[in-house]
Amino acid sequence: GQDKTILEVPYITEEHKVWESVSLQLTSLYGNRACKEYKDCYSNFHLPSERIPQFFEINKTLSGHGFSLEPVAGLVTPKEFLTKLSEGSMLCTQYIRHYSVPEYTPEPDIIHELFGHAVFLLSEKIRRINYLFGKVAKQASDKEIESLIRLYWHTVEFGLCLEDNVPKAVGAGLLSSVKELSSVCDIPTKPFHIPTMINTSYDTMNPQPFLFCAPSFDFMINELTLYLNNCLQRTNK
């Protein structure tokens, strides 16, 4: 149920400073590097810039939209993560990267979860895609989960779309990484193509060697919707 009390995390001053510093850098990059849909969500979300918000605050903002964040202690399996999305729940970590390495985090931290995912959940289209991924995952075999998480990775986590022929960040991994966001126009791209994406493995520990780029944000959303709905129909027959 949704009524589990989420414990407040006692962040220390240094951690709030990391948040503030990364927040300023990301915000300065969004103008030219983030897709329009994300920028709209970001300006409506009002994330505090000088301190790390608590999950209950974020869930208040999301509450009218049928999605909420649920804290997890560490990494969860792709199946667990994806399946939870079908319930309108995103499993997220509350820890923040160490203040000695503000640019880098080996696994998703709260900067990734909030800037990358939570903000974008204000978008009905992004919520729908996450929800569909969840519904497909719920009834998927292990092999299908492998294809599904790859598709999620290359779109929701690291997708690009063109706006006026310029690649813009759609993926949460890009929108929450100062380094990758600032070089988004220099990373080699491949055309958005679902059969290729589900066969392309990824490495979570290194910057992406290339990214898949859709001709537009709506093209990406429509293709994913079509594909995921087809997966559901196949398993429901």
Side-chain angles (χ1 to χ4, degrees), residues 1-9 11 19 37-38 40-42 44-48 52-97 105 107-142 144-159 170-176 202 204 220-221 224-225 227-229 231-232 235-236:
Q2 294 296 337
D3 55 347
K4 285 200 294 287
T5 321
I6 295 177
L7 293 174
E8 285 206 34
V9 179
Y11 297 107
W19 171 273
E37 275 71 15
Y38 178 83
D40 292 347
C41 295
Y42 184 71
N44 290 321
F45 206 100
H46 309 299
L47 268 185
I52 306 166
Q54 298 288 338
F55 273 22
F56 74 84
E57 300 173 71
I58 300 297
N59 283 343
K60 242 187 226 154
T61 306
L62 292 174
S63 64
H65 302 288
F67 242 95
S68 65
L69 307 188
E70 195 178 311
V72 282
L75 288 172
V76 291
T77 66
K79 174 103 180 174
E80 280 176 283
F81 174 79
L82 291 172
T83 304
K84 261 302 191 196
L85 296 173
S86 70
E87 300 163 26
S89 183
M90 187 174 272
L91 299 175
C92 293
T93 58
Q94 289 173 290
Y95 96 101
I96 187 160
R97 61 198 63 178
T105 170
E107 62 236 49
D109 72 340
I110 193 163
I111 290 176
H112 172 78
E113 311 287 27
L114 299 191
F115 281 94
H117 288 292
V119 164
F120 225 169
L121 287 172
L122 283 189
S123 157
E124 187 274 324
K125 293 169 180 174
I126 291 289
R127 290 197 302 276
R128 184 172 79 226
I129 290 304
N130 274 290
Y131 180 66
L132 276 173
F133 265 108
K135 284 184 77 168
V136 175
K138 216 170 174 165
Q139 45 197 41
S141 67
D142 290 349
E144 287 162 343
I145 288 286
E146 184 56 39
S147 300
L148 209 56
I149 197 70
R150 284 175 175 179
L151 185 57
Y152 192 86
W153 180 270
H154 293 305
T155 55
V156 181
E157 291 288 359
F158 283 95
V170 175
L174 301 169
L175 291 163
S176 58
Y202 58 87
T204 58
M220 180 188 291
I221 296 294
L224 286 172
T225 305
Y227 175 80
L228 295 166
N229 275 326
C231 292
L232 285 176
T235 41
N236 287 336

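All values reported here derive from a predicted model rather than from experimental measurement. Note: hydrogens, waters and symmetry copies are ignored here, and every other heavy atom, side chains too, is used.
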Exercise for the section: Please examine the side chains of Phe45 and Leu114, heavy atoms only from C-beta on, and report whether any two atoms are closer than 4.5 Å. Expected result: no
Problem - Under 3.5 Å: donor-acceptor pair, side chain of Trp153, backbone of Thr204 - result: no
Problem - Separation between CZ of Arg97 and CD1 of Ile111, rounded to the nearest 0.5 Å - result: 4.0 Å
Practice task
Report yes or no: does Lys79 contribute a side-chain atom to a donor-acceptor pair with the main-chain N or O of Ala140 at less than 3.5 Å?
Solution key: yes
Problem - Side chain proximity check, Asn130 to Met90, heavy atoms < 4.5 angstrom - result: yes
Exercise for the section: With ring-ring contact (aromatic ring centres under 6.0 Å, His included) as the test, would you mind laying out the steps for Phe81 and Tyr152 before giving the verdict? Expected result: CA-CA 11 Å; Phe81 174 79; Tyr152 192 86; 5.7 Å; yes
Problem - Inter-residue atom distance Ile129.CD1 - Phe120.CZ, 0.5 Å rounding - result: 11.0 Å
Exercise for the section: Kindly indicate whether the side chain of Leu175, heavy atoms from C-beta on, has any atom under 4.5 Å from the side chain of Tyr42. Expected result: no
Problem - Euclidean distance, Thr93 OG1 relative to Phe55 CZ, rounded to 0.5 Å - result: 6.5 Å
Problem - Nearest heavy-atom neighbours spanning Ala118 and Leu62 - result: O-CD2, 3.8 Å
Fill in the blank from the handout: side chain to side chain contact (heavy atoms under 4.5 Å, CB included) test vs Gln94 passes for just one of Leu7, Ile6, Val72, namely Ile6
Problem - Flag side-chain contact, heavy atom, 4.5 Å: His117 against Ile126 - result: no
Completion exercise
Correct closest heavy-atom pair for Phe115 and Ser176 would be CB-CB, 4.3 Å
Handout entry: Check ion pair Glu124-Arg128 (N to O, under 4.0 angstrom)
Key = yes
Exercise for the section: Taking the side chain as every heavy atom from C-beta outward, state whether Trp19 and Leu47 have any pair of such atoms under 4.5 Å apart. Expected result: yes
Completion exercise
In short, Tyr95 meets Pro108 closest at the heavy-atom pair CE2-O, 3.5 Å
Problem - Side-chain donor or acceptor of Gln54 paired with backbone N/O of Val9 under 3.5 Å - result: yes
Exercise for the section: Kindly indicate whether the side chain of Asn44, heavy atoms from C-beta on, has any atom under 4.5 Å from the side chain of Thr61. Expected result: no
Exercise for the section: List the atom of Val119, the atom of Tyr38, and the distance in Å for their closest heavy-atom pair. Expected result: CG1-CE1, 3.6 Å
Problem - Sidechain-backbone polar pair: Asn59 side chain, Leu69 backbone, donor-acceptor under 3.5 Å - result: yes
Exercise for the section: Determine yes or no for a side-chain-to-main-chain donor-acceptor pair under 3.5 angstrom, with Asp109 supplying the side chain and His112 the backbone. Expected result: yes
Practice task
Could you tell me which non-hydrogen atom of Phe56 sits nearest to which non-hydrogen atom of Glu8, and how far apart they are?
Solution key: CE2-OE2, 3.5 Å
Handout entry: Flag if over 12 foreign heavy atoms under 6.0 Å of OH, Tyr202
Key = yes
Exercise for the section: Give a yes or no on whether the backbone of His65 and the side-chain of Arg127 come within a donor-acceptor separation of less than 3.5 Å. Expected result: yes
Exercise for the section: Decide yes or no on salt bridge (Lys or Arg N to Asp or Glu O under 4.0 Å) for Lys60 and Glu57, but give the supporting numbers first. Expected result: CA-CA 5 Å; Lys60 242 187 226 154; Glu57 300 173 71; over 6 Å; no
Problem - Verdict with reasoning, Glu146 to Arg150, per salt bridge (Lys or Arg N to Asp or Glu O under 4.0 Å) - result: CA-CA 6 Å; Glu146 184 56 39; Arg150 284 175 175 179; 3.2 Å; yes
Problem - Straight-line distance of Ile96 CD1 to Ile52 CD1, nearest 0.5 Å - result: 3.5 Å
Handout entry: Donor + acceptor pair across side chains of Glu37, Ser123 (<3.5 Å)
Key = no
Handout entry: Side-chain touch Asn229/Leu132, heavy atoms, less than 4.5 angstrom
Key = yes
Exercise for the section: Nearest 0.5 Å please: distance from the SG atom of Cys231 over to the CG atom of Leu148. Expected result: 7.0 Å
Fill in the blank from the handout: Nearest heavy-atom approach of Pro78 to Ile145 is CB-CG2, 4.1 Å
Problem - Note, Leu151 side chain near Leu224 side chain (heavy atom, < 4.5 Å) - result: yes
